[in-house]
Engineer: 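Handing you a structure now.
The basis for the numbers below is simple: all heavy atoms, side chains too, and nothing from hydrogens, waters or symmetry mates. Each ligand, and each atom within it, is numbered from 1 in the order the structure gives.
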Amino acid sequence: MAQKAAEKAPAFFGQQEYAKGLDGVIACETHINYIDGAAGKMIYRGYDVEEIGEQTNYEETAYLLIYGKLPTQSELDDFTAKLISYRSVPPEVIQVLKIIPTAKTHPMSALRTGVSALGTFNPDAEEQSVENYEDIGLQLIAKLATIAGAVQRIRAGKEPVEPDPSLDHSANFCYMMTGEKPSEVFEKMMGLSLVLHADHGVNASTFSSMVVISSLTDMYSAIAAGIGSLKGPLHGGANEQVLYMLNEIGSADKADEYMDNAIKNKVKIMGFGHRVYKAYDPRARIFALHSKELCEAAGKPELYEIAKRVEEKVIDAYGAKGIFPNVDFYSGTIYHCLGIETAMFTPLFAVSRVAGWVARILEYLPQNRIFRPRAVYLGEKDLQYVPIDQR
Ligand code: CMC
């Protein structure tokens, strides 16, 4: 039997070609997104994100990622109308968010719980047709913003608000968090942020969603897994950690000493480094520009100055190793200036990235093969069982 398995397996069977953290491993084929890590470029379905970032909106980006082309006006109108019609969540889901300690737990945990709860209210959750996966995927894109908005309201001791169908996705999301229609700047920055975070290669949360769906389970399980993975500080959770670090530094004149210590002690600096980019992340470049403007407009120019000095110190120390700011470095300074609670930064990321998770899942399902890597076994063999009274 072992002989037969060895014949079927790749040539390195038995030698275990091992890539820690799956570094460099090709796990699937895709048309959705390409990252040129050396040049610091990223494209959605052929479009350079730095070129389309400020021109498009979230609905158009989600459509592009999922359906592979820019929509016509009528296609976009239909897609937008569908997302609007899917925004509401059952009142019981809001009840669940009120019952769990949403104000005290991490909002990503509440978001993940909200998605799990939502799945239990859909009688069609387990139907395994492509159409059903797509439909639930679109529902989740619409409803994740509603759940995140409710999480923020409950955390602030306020009653969640109903979605406003007159607002587009990003404006409605701002509204659902604050209960007020957003200012032009708030709406623009949220729109840009949702576009820039929507998809990004086979990152940990995207891969988590794909691994989960590859067993042909339901869409809610896959998206809950994506949220769980994104939450970690090495992934989406870095944006929150960056702001804590900038606050801890406190003022631009203290940045050098803080960073010298961090570098000397080999502390990982949040918001820097990337598995694929060995150059400046293009999304960070866009956010850096807006961060400067927003910090000045909000009367917090020092926040940008601290960030800038941290960037200079990290590039000076590690730039030669290819460590530069990633998407999470400047985004938090923008959210902070918009008045968003720090713990909500990663949920904002999730509200955007759900489009990428859905697009990747829908792309992978027709070519589905269950993910099943192997481990290098380093343990013992041929041990004899010893009865408990003889150990
Ligand atoms: N600060 C200092 N050194 C770093 C950093 C950093 N932020 N990132 C990587 N390095 C060093 C690391 O110490 C190692 O050095 P050496 O070779 O001397 O041991 C080398 O660079 C390679 O690092 P790694 O951790 O093996 O790289 P990775 O590809 O496994 O991890 C990463 C990538 C993003 C997890 C890592 O760079 C990191 O932990 N960054 C900080 C957290 C962060 O900002 N995460 C957000 C990632 S981008 C957006 C997202 O996915 O949400």
Engineer: Give me the ring orientation class for F371 and Y364: parallel if the planes are under 30° apart, tilted from 30 to 60°, perpendicular past 60°.
Structural biologist: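 Parallel.
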
Engineer: What is the minimum heavy-atom distance between A125 and Y220, and which atoms define it?
Structural biologist: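 What the structure gives for the nearest pair is CB-CE1, 3.8 Å.
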
Engineer: Side chains of H290 and K188: donor-acceptor distance under 3.5 Å anywhere?
Structural biologist: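 Their side chains do not contain a donor-acceptor pair, so the 3.5 Å distance test is not met.
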
Engineer: At what distance is the nearest protein heavy atom to atom 23 (O) of ligand 1, and which residue and atom is it?
Structural biologist: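 Ranking protein heavy atoms by distance from atom 23 (O) of ligand 1, first comes K268 NZ, 4.3 Å.
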
Engineer: Protein heavy-atom contact under 4.0 Å for atom 18 (O) of ligand 1?
Structural biologist: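 Yes, there is one.
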
Engineer: Return yes when F329 approaches ligand 1 closer than 4.0 angstrom through a heavy atom, no otherwise.
Structural biologist: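 F329: no contact with ligand 1 (<4.0 Å).
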
Engineer: Just wondering, more than 12 heavy atoms not from D382 lying within 6.0 Å of its CG?
Structural biologist: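 Result for CG/D382: open.
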
Engineer: Give the residue and atom name of whichever protein heavy atom lies nearest to atom 15 (O) of ligand 1, and the separation in Å to one decimal.
Structural biologist: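 Minimum-distance protein heavy atom for atom 15 (O) of ligand 1 reads K321 NZ, 3.1 Å.
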
Engineer: For atom 49 (C) of ligand 1, is there a protein heavy atom at a distance under 4.0 Å?
Structural biologist: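 So far as the 4.0 Å threshold goes, atom 49 (C) of ligand 1 is in reach of a protein heavy atom.
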
Engineer: Out of curiosity, does L70 fall in the hydrophobic cluster containing I66 (side-chain heavy atoms, cut-off under 4.5 Å, transitive links)?
Structural biologist: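 As far as the 4.5 Å side-chain criterion goes, L70 and I66 are connected within one cluster.
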
Engineer: Can you list the ligand 1 atoms lying under 4.0 Å from a non-hydrogen atom of V327?
Structural biologist: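 This gives 49 (C) as the contact atoms.
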
Engineer: Among all protein non-hydrogen atoms, which one is nearest to atom 46 (C) of ligand 1, and what is the separation to 0.1 Å?
Structural biologist: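 Answer, as residue, atom name and distance: D328 OD2, 3.3 Å.
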
Engineer: Would the number of heavy atoms belonging to other residues, nucleotides or ligands and lying under 6.0 Å from NZ of K313 be above 12?
Structural biologist: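 Above 12, so yes.
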
Engineer: Could you tell me whether K264 atom NZ has more than 12 heavy atoms of other residues or ligands within 6.0 Å of it?
Structural biologist: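 No - once you tally the heavy atoms of other residues, nucleotides and ligands closer than 6.0 Å, there are 12 at most.
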
Engineer: So if I count the atoms of ligand 1 from 1 in the order they appear, which ones are less than 4.0 Å from some heavy atom of F349?
Structural biologist: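 In order of numbering, the contacting atoms are 52 (O).
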
Engineer: Looking only at side-chain N and O atoms, does S291 offer a donor or acceptor that is under 3.5 Å from a partner on T333?
Structural biologist: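 The answer is yes; a qualifying pair exists.
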
Engineer: Atom 30 (O) of ligand 1: protein heavy atom closer than 4.0 Å?
Structural biologist: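 Neighbour list for atom 30 (O) of ligand 1 includes protein heavy atoms (cut-off 4.0 Å).
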
Engineer: Would you call G236 a ligand 1 contact, heavy-atom distance under 4.0 Å?
Structural biologist: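 Under 4.0 Å: yes for G236.
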
Engineer: Out of the candidates N203, T346, D328, only one should pair with H235 under the side-chain hydrogen bond (donor to acceptor under 3.5 Å, both in side chains) rule; please name it.
Structural biologist: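 Between H235 and the candidates, side-chain hydrogen bond (donor to acceptor under 3.5 Å, both in side chains) is satisfied uniquely by N203.
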
Engineer: Tell me which protein heavy atom sits closest to atom 43 (C) of ligand 1, plus the residue, atom name and distance to 0.1 Å.
Structural biologist: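 So the nearest neighbour among protein heavy atoms is A238 CB, 3.5 Å.
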
Engineer: Looking at atom 28 (P) of ligand 1, what's its closest protein heavy atom, distance included?
Structural biologist: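 Among all protein heavy atoms, the one nearest atom 28 (P) of ligand 1 is R275 NE, 3.6 Å.
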
Engineer: Considering only protein heavy atoms, which is closest to atom 51 (O) of ligand 1, and at what distance to one decimal place?
Structural biologist: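 Here the nearest protein heavy atom works out to H235 ND1, 2.7 Å.
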
Engineer: Can you sort out which atoms of ligand 1 are near G271, meaning under 4.0 Å from one of its heavy atoms?
Structural biologist: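 Numbered from 1, ligand 1 contributes 43 (C), 44 (O).
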
Engineer: Please work out whether any backbone atom (N, CA, C, O) or any side-chain heavy atom from C-beta onward of I269 is under 4.0 Å from ligand 1, and answer side chain, backbone, both or neither.
Structural biologist: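 Both backbone and side chain of I269 come within 4.0 Å of ligand 1.
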
Engineer: Is it the side chain (CB and beyond), the backbone, both or neither of Y318 that lies under 4.0 Å from ligand 1, heavy atoms counted?
Structural biologist: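 Under 4.0 Å from ligand 1, Y318 contributes side-chain atoms alone.
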
Engineer: Give a yes or no on whether Q367 atom CD has more than 12 heavy-atom contacts from other residues, nucleotides or ligands under 6.0 Å away.
Structural biologist: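 More than 12 within 6.0 Å, yes.
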
Engineer: Should one rank N326, N203, V242, I323 by closest heavy-atom distance to atom 10 (N) of ligand 1, which comes out on top?
Structural biologist: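 Looking at heavy atoms only, I323 sits closest to atom 10 (N) of ligand 1.
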
Engineer: Closest non-hydrogen protein atom to atom 41 (C) of ligand 1, residue and atom name please, with distance?
Structural biologist: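 Looking at atom 41 (C) of ligand 1, the protein heavy atom closest to it is F272 O, 3.3 Å.
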
Engineer: With a cut-off of 6.0 Å (strictly less than), are more than 12 heavy atoms of other residues, nucleotides or ligands near NZ of K158?
Structural biologist: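 No, NZ of K158 has 12 or fewer neighbouring heavy atoms, counting only those of other groups under 6.0 Å.
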
Engineer: Would you please determine whether P233 falls within less than 4.0 Å of ligand 1 on a heavy-atom basis?
Structural biologist: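 Yes, P233 has heavy atoms under 4.0 Å from ligand 1.
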
Engineer: May I ask you to decide if H274's main-chain N or O and K278's side chain share a donor-acceptor pair within less than 3.5 Å?
Structural biologist: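 It does hold such a pair.
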
Engineer: Would you kindly specify which portion of L234 sits under 4.0 Å from ligand 1, judged on non-hydrogen atoms: side chain, backbone, both or neither?
Structural biologist: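 The answer is both.
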
Engineer: May I ask whether atom 26 (O) of ligand 1 is less than 4.0 Å from at least one protein heavy atom?
Structural biologist: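 Under 4.0 Å from atom 26 (O) of ligand 1, zero protein heavy atoms found.
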
Engineer: Relative to the ring of F324, is the ring of Y280 parallel (under 30°), tilted (30 to 60°) or perpendicular (over 60°)?
Structural biologist: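 Rings of Y280 and F324: tilted, as their planes differ by 30° to 60°.
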
Engineer: Can you tell me which residue and heavy atom of the protein come closest to atom 34 (C) of ligand 1, and the distance to 0.1 Å?
Structural biologist: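 Its nearest protein heavy-atom neighbour is G273 O, 3.7 Å.
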
